[in-house]
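Worksheet: one structure, shown below.
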Protein chains: 2
Amino acid sequence: MPRGNLDKTKILEAAAALANEISVKKLSLKQLAQKLNIQPPSLYNHVQSLDHLRLDLAAYGWDQAGARIAEALIGVSGDEAIRRACSVFYEYAEENPGVFEAMAYYNRENRTAGGEPDRLTGILYRLCRARDIAETDAVHVLRIFRSYIEGFALLTRHGVFPADETARESFFYGVEFLIAGIRQLERGGAGLPMRGGTNDG
Amino acid sequence: MPRGNLDKTKILEAAAALANEISVKKLSLKQLAQKLNIQPPSLYNHVQSLDHLRLDLAAYGWDQAGARIAEALIGVSGDEAIRRACSVFYEYAEENPGVFEAMAYYNRENRTAGGEPDRLTGILYRLCRARDIAETDAVHVLRIFRSYIEGFALLTRHGVFPADETARESFFYGVEFLIAGIRQLERGGAGLPMRGGTNDG
DNA sequence: TGACAAAACTAATCTGATTAGTTATTATAT
DNA sequence: ATATAATAACTAATCAGATTAGTTTTGTCA
């Protein structure tokens, strides 16, 4: 394979760095090529299009964040595991704003082509299964957590919440809200006071 | 004012419709002009740039959603008010996918230039104050709800969650989680089991 | 009626993605 | 060692769409 200087990984790393500097929105093949010391058209040997690159960047981010979370969960369990996972994701998003935006904007099904959940989802699933939660409730719990965490990170990114300590505090406050919710779901727990009927009136 | 055919509102309405059809990302001045039966450069008489248009569209969306929520809350209080507000927002996002994306992507501080909270935030504040929640907790609660709701809507939009009834179920499940959390915050309530120390270890 | 201002138009410019066609490099098989 | 084939880079060209410049049209109001 000639000209082995560059490969997909190096390109994604450069794209990630660039996105973190100037945001995904402004990520351009022109600047990326410049950063890699090649001409823009050369990128097409590695990438289908700018849009695909953004998708690839999102996948790259999920892999990275997933790996960090997996690592952080080694030997931890229960509520503490949940806190850790949330905390690590939060920090990942903070440290990699551009990549995180790609993850949020170019989100897709959290399943592989085969239909199995992706790695991170699998990890979180196991976290749920370790508790005494019904299978169908676990699906809800995962969606709720993911919504909350990505939503919070996004709003922080966009300057809706101030980038100060109170925001961090709010975030972990919310995590405790959700943990409290989970506890009430556990079989044998007090039970969550769900309403029976419609949700719209 | 000559050629009074067009004004900012009509342009925003057209932009909203277009964004809902083809997504904000693909929203272009070219297509917008076509839809309005004018030439693209003419739009600059009403709009600073494509990017500003997207910002304006986001503001337009918040106004609209805020108005719907305010209307839905007339004469309702307590938990039911929270459920209503969440439900209405969820439906607005569902019905206006493009505008909602603009709202999510082009989010800004939820305060006006003057420093007062915007209308919707004010409404939700009052909802909190009606409960026996400390002022500083109310800030957290608002951030948590907003994160959850926007996050959920975004992930649904992006096809991460299936567009079926189970997603809707998950959403309202999460709302109950959060309402349960609020209850525990109320002075005189059981209290939320918060951890004291660090969040990262 | 005539002058002004707003809003639209056409023509032109610029930027950046993408395509076409060519050249250089290197792994591999002879 | 060397020829071959595949890969990756290059240059030149095209295209699309935003934006700017300069002009014309049209409605308002003195």
Side-chain angles (χ1 to χ4, degrees), chain A residues 1-61 97-99 101-103 105-106 108, chain B residues 1-61 97-99 101-103 105-106 108:
Chain A
M1 302 112 223
R3 307 274 186 105
N5 323 315
L6 230 53
D7 61 359
K8 192 68 171 269
T9 305
K10 284 194 186 116
I11 287 179
L12 282 175
E13 278 167 4
L18 194 53
N20 288 336
E21 287 168 35
I22 63 175
S23 87
V24 230
K25 202 172 81 183
K26 291 190 198 139
L27 180 64
S28 72
L29 294 183
K30 193 188 193 191
Q31 286 188 279
L32 180 57
Q34 195 165 28
K35 190 163 205 142
L36 292 165
N37 288 112
I38 58 175
Q39 298 301 313
S42 307
L43 284 169
Y44 285 83
N45 287 311
H46 305 279
V47 155
Q48 279 202 24
S49 70
L50 175 57
D51 225 53
H52 271 270
L53 173 64
R54 294 202 178 106
L55 278 167
D56 291 344
L57 189 58
Y60 166 90
V99 176
E101 289 222 10
M103 292 158 75
Y105 291 90
Y106 291 82
R108 289 294 171 274
Chain B
M1 304 117 226
R3 308 271 188 107
N5 322 315
L6 229 52
D7 61 0
K8 192 68 173 268
T9 305
K10 283 193 187 115
I11 287 180
L12 281 175
E13 278 166 2
L18 193 53
N20 287 337
E21 285 168 35
I22 64 176
S23 85
V24 229
K25 200 172 82 182
K26 292 192 197 138
L27 179 65
S28 72
L29 295 183
K30 193 187 193 190
Q31 292 195 65
L32 180 57
Q34 194 165 29
K35 189 163 205 144
L36 291 165
N37 288 112
I38 59 176
Q39 298 302 312
S42 307
L43 284 169
Y44 286 83
N45 287 313
H46 305 279
V47 154
Q48 279 203 24
S49 70
L50 175 56
D51 225 53
H52 272 269
L53 173 65
R54 294 202 178 106
L55 278 167
D56 290 345
L57 189 58
Y60 167 90
V99 176
E101 290 223 9
M103 292 159 74
Y105 292 80
Y106 292 80
R108 288 295 171 273

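Throughout, a chain's letter reflects where its sequence line sits, starting with A, and its residues are numbered from 1. What you see is a predicted model, and the numbers here were worked out from it, not measured in a lab.
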Using every non-hydrogen atom in the two residues, find where B/Ala102 and B/Val24 come nearest and quote the distance to one decimal. N-CG2, 3.7 Å

Which parts of residues 12-25 of chain A get close to DNA chain D, meaning a heavy atom less than 4.0 angstrom away? none

Evaluate A/Asp56 against A/Ile11 for side-chain contact (heavy atoms from CB on, under 4.5 Å), listing each step before the verdict. CA-CA 10 Å; A/Asp56 291 344; A/Ile11 287 179; over 6 Å; no

Spacing of A/Asp7 atom CG relative to D/dA6 atom P, expressed in whole Å: 22 Å

Is the number of heavy atoms from other residues, nucleotides or ligands under 6.0 Å of B/Gln48 CD greater than 12? no

Whole-Å gap separating P (D/dT19) and CG (B/Leu53): 10 Å

Working to the nearest 0.5 angstrom, can you tell me the gap between A/Asp7 CG and A/Glu13 CD? 8.0 Å

Of all the choices, D/dA9, C/dG16, C/dA8, which nucleotide is nearest to the side chain of A/Lys30 once you look at every atom? C/dG16

Rounded to the nearest 0.5 Å, the NZ atom of B/Lys10 sits from the NZ atom of B/Lys35 at a distance of 15.5 Å

Kindly state which residues belonging to residues 33-50 of chain B come within less than 4.0 angstrom of DNA chain D, counting heavy atoms of the residue only, listed by number. B/Pro41, B/Tyr44, B/Ser49, B/Leu50

My understanding is that only residues two or more places apart in sequence, or in another chain, count here; which of them pass side-chain contact (heavy atoms from CB on, under 4.5 Å) with B/Gln31? B/Leu18, B/Ile22, B/Ser28

Nearest heavy-atom contact between A/Ser49 and A/Tyr44 is CA-CE2, 4.3 Å

So CG of A/Leu32 and CG of A/Leu27: to nearest 0.5 Å the spacing works out to 6.5 Å

Length of the CD1-C1' vector between B/Ile11 and C/dA7, whole Å: 10 Å

In whole Å, what is the span from the CG atom of B/Leu6 to the P atom of D/dT26? 16 Å

